[in-house]
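Okay, structure first, notes after.
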Amino acid sequence: MDDTNNDPVLARLDRLTDSVTRRLDKLEERLRILEQDNGEIINLLIAVKAGLEECAGDIAMGEMLIDADDADDSPSPSLH
């Protein structure tokens, strides 16, 4: 004979155990989804950072070219 069927306390514990197990499974699934989402967000932030660094480099290079052009356009001091 099954003791669970005869003892209401054991039957209740079995139902609670099943309920807790289902809830833990749902929480683990949510955690996996959050970890995946966070990984995607981190990858996007890395891409944005790389893009900003590239833009900063382009701006710096453009400023150097402008400074070089300005230096070429300035009148040279006369030697006489």
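Throughout, residue positions are numbered sequentially from 1 according to the sequence presented. As the structure is a prediction and not an experimental result, all values here were calculated from the model.
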- [ ] Hey, could you give me the CZ/CG distance between Arg15 and Leu10, rounded to the nearest 0.5 Å?
- [x] 11.0 Å

TODO: Quick one: pull up CD1 in Ile66 and CE in Met64 and give me the separation to the nearest 0.5 Å.
DONE: 12.0 Å

TODO: Could you tell me the separation between the CG atom of Leu52 and the CG atom of Leu45, rounded to the nearest 0.5 Å?
DONE: 10.5 Å

Task: N-O pairing of Glu29 and Arg32 below 4.0 Å - done: yes

Task: N/O donor-acceptor pair under 3.5 Å between Thr21 side chain and Thr17 backbone - done: yes

Open item on the list: Within this structure, what is the CD1-CG distance for the pair Ile33 and Asn38, rounded to the nearest 0.5 Å?
Closed with: 12.0 Å

TODO: Working to the nearest 0.5 Å, report the span between CD of Glu28 and CZ of Arg23.
DONE: 15.0 Å

